[in-house]
Structures are given as structure tokens and as C-alpha cells.
Amino acid sequence: MLNNFLGKKTKLTKNSTKNNIKLTSSPQKIKTDLTSSKFRILNEKLYTMSNEEAKEYFKDNKEDFEIYHKGFSMQCEKWPIIPNDLILKTLKLEKYKNKTIADVGCGEAKLAQNLVPFGYKIYSFDLVSLNKFVTQCDMKKLPLKNKEIDIAIFCLSLMNKNFIPFIYEANRVLKIKGKLLIAEISSRIINLKNFLEIFKQLNFKLFKQKNIENYFTILSFKKISDAKINKKLINKENTFDILKPCLYKKR
Ligand code: SAH
């Protein structure tokens, strides 16, 4: 049994090899299966590496990053709903047009691709820049001034061993009363109360919570004040006791 990207159980068929590739498959199918298995390996890496390790790994492996995002797109097609699409729909509301937005861990920067042509001010950040919209950086250190942003979005991007430094950084770049939007895979959240407690400690107030199709959790917070550095939190060895990585179970 495997624990797939959404934390659901998947049974391997008799004809599957270890990486789920059938020997009788067509070349196209083999290519798709190889992308899927490489995606799963890279996905696991991203969830279990430190942000420094992830940065270092993809610095010399842009091709892997492209494969990762091909696999991620294929994964998205299997979902009943895509969280990034929901966020895009919300941002299209007139009231967001004059806001400064940061899409943190943006992947292909779909939000910017769809909104910049309509005059939106949106920064897109990721470890690798896949197109002209993306600024390459580690989201622990965003190239933004203090209190520059109205809305910070982390859509399925709280990866790496410890997500807490990313929330600190969001606090730094957000204006007071700025919005922090988190979309995560519900099955990753071990205990919602403990997860929410981290945001509370970093001076964010929860004002909306949504569960989408039992798959995704979308949380909206408001920044109340600047966060005081708590070294114990920032230097936590990992945050897997709060937000678990999406891993394949060893058979
Ligand atoms: N938000 C996009 C992409 C989600 S995939 C969407 O919903 O479509 C998660 C992304 O987070 C990946 O592109 C990954 O590279 C990025 N990410 C993970 N750790 C990061 C880090 N430390 N700094 C910057 N980006 C990171």
C-alpha cells in the first residue's frame, strides 16, 4: 500500500513494477509513468529536506524542477478541485485589484500569469524560476521590504523540514492587518489546533477556515502585529509533529 499525495491509500497492481510502470506500456505511457515516479521522488525530497538543502539541490538541477512541475500538473488534474484555481477566482474580485500580493512557493506562477495582464501587482517566488513571472529565492528570505505586502499566499508550498521560518518571513513582509492565506492538504495536518497555535504565536489571527472536499484546508489569517523571534520555534529540528510530509510508505 502506498500513501499517495493526498494521503489516500493506493494499491499497487500485479502488473506494476516498484515504480508503477507496466512493461507492456506504450512509449507515451512509459514517459508519463516516469514523470510520475520522478515527481514522487522529488516531492519526497522537497518535503523532507531543509530549505537550504532544497535550494542547493535545485540550484544544479533545473531539469528536475521542470519534471517536478510536470508531475505536479499531472497530479492537479486528478484532483476534484485545484486550490490555486480557487485562490485565483477569489483574487479576481474587484477589491483585491489594488492590493500588493506575494505568491510564495508559486511553482509556475499561475496566479501572476492570469492576473498581471489585468494590472495586478503580484510577486511570485520559488526555488527555481520557470518563467519570467518567477523570482528565484528561498522563501525563508524573500526579497521584499518589511510591511510591503497586503496579501501573502502559500498554496501547497509549506514543504521542507520546518515551515515555521516561512511564517516568520510572511509576518515580516506583511503590513499590519495584511492577509495570510494558507492552502494545505488536509491529511498533512496532524492536529489542526497545534497547527493554528503556531500562527497565533506568530501574531496572526484566524478569521476564516474552509474545508474543501475533505482534501484541502484553506486558512485565512490577519497579521495583528510584528512577530517576536522565538529561537526555539525557528530552530525546531522539524515540524513533522504538526504538518507531516507526503511520503510513500515503505512496503
Ligand atoms: N503554489 C503553486 C505550486 C505548489 S508546489 C500551486 O499551488 O500551483 C510547491 C512549491 O513550493 C514548489 O514549486 C516548491 O519549489 C516551492 N517551495 C518549496 N520550498 C521552498 C522554499 N524553501 N523556497 C521557495 N519555494 C519553495
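One-based numbering, in listed order, for ligands and for the atoms of each.
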Heavy-atom contacts under 4.0 Å between H69 and ligand 1: side chain, backbone, both, or neither?
-> side chain
Heavy-atom nearest neighbour of atom 9 (C) of ligand 1 within options D138, L88, L156, I87 | L156
Geometric cation-pi criterion, K38 with Y68: 6.0 Å, 45° = no
Greater than 12 external heavy atoms within 6.0 Å of K222's NZ | no
Of K140, K236, K141, the one forming a side chain to side chain contact (heavy atoms under 4.5 Å, CB included) with P165 is K140
Ring pair (Phe, Tyr, Trp, His ring centres under 6.0 Å) pairs, two or more places apart, involving residues 138-188 = F163-F195
Considering only heavy atoms of F166, which atoms of ligand 1 have at least one such atom less than 4.0 Å away?
-> 22 (N)
Among T135, N160, D126, which residue places a heavy atom closest to atom 25 (N) of ligand 1?
-> D126
Using distance alone, decide if ligand 1 has a nitrogen or oxygen within less than 3.5 Å of any nitrogen or oxygen in D103.
-> no
Give a yes or no on whether I122 and I151 share a hydrophobic cluster (residues Ile, Leu, Val, Met, Phe, Trp, Tyr; joining criterion: side-chain heavy atoms under 4.5 Å apart).
-> yes
C106, portion touching ligand 1 at heavy-atom distance under 4.0 Å | backbone
Do any nitrogen or oxygen atoms of F65 lie less than 3.5 angstrom from nitrogen or oxygen atoms of ligand 1?
-> no
Could I get the full list of side-chain contact (heavy atoms from CB on, under 4.5 Å) partners for N194, not counting sequence neighbours?
-> N191
Which residue holds the protein heavy atom closest to atom 3 (C) of ligand 1, what is that atom called, and what is the gap in Å?
-> G105 O, 3.5 Å
Only heavy atoms count here, so choose which of N84, V134, D85, N43 is nearest to atom 6 (C) of ligand 1.
-> N84
Reported CD1-to-CG distance for the pair I242 and L192, which is rounded to 0.5 angstrom = 12.0 Å
Judged by atom type as modelled, is there a donor-acceptor pair below 3.5 Å linking the side chain of D126 to the main-chain atoms of S129?
-> no
Using a strict cut-off of 4.0 Å, indicate which atoms of ligand 1 neighbour a heavy atom of N51.
-> 22 (N)
Looking at C137, which atoms of ligand 1 are within less than 4.0 Å of one of its heavy atoms?
-> 23 (N), 24 (C)
Does NZ belonging to K121 count more than 12 external heavy atoms closer than 6.0 Å?
-> no
Looking only at protein heavy atoms, identify the closest one to atom 23 (N) of ligand 1 and say how far it is in Å.
-> M139 N, 2.9 Å
Here the atoms of ligand 1 under 4.0 Å from any heavy atom belonging to G107 are 3 (C), 13 (O)
Determine whether L181 and F221 make a side-chain contact, defined as any pair of heavy atoms from C-beta on separated by less than 4.5 Å.
-> no
Look only at interatomic distance and state if S157 has a nitrogen or oxygen under 3.5 Å from any nitrogen or oxygen of ligand 1.
-> no
Would you indicate whether F207, at its atom CZ, is surrounded by more than 12 heavy atoms from other residues, nucleotides or ligands within a distance under 6.0 Å?
-> yes
Minimum-distance protein heavy atom relative to atom 18 (C) of ligand 1 = M159 SD, 3.8 Å
Report the nearest protein non-hydrogen atom to atom 8 (O) of ligand 1: residue, atom name, distance rounded to 0.1 Å.
-> F72 CE2, 3.3 Å
Nitrogen or oxygen of C155 less than 3.5 angstrom from that of ligand 1 | yes
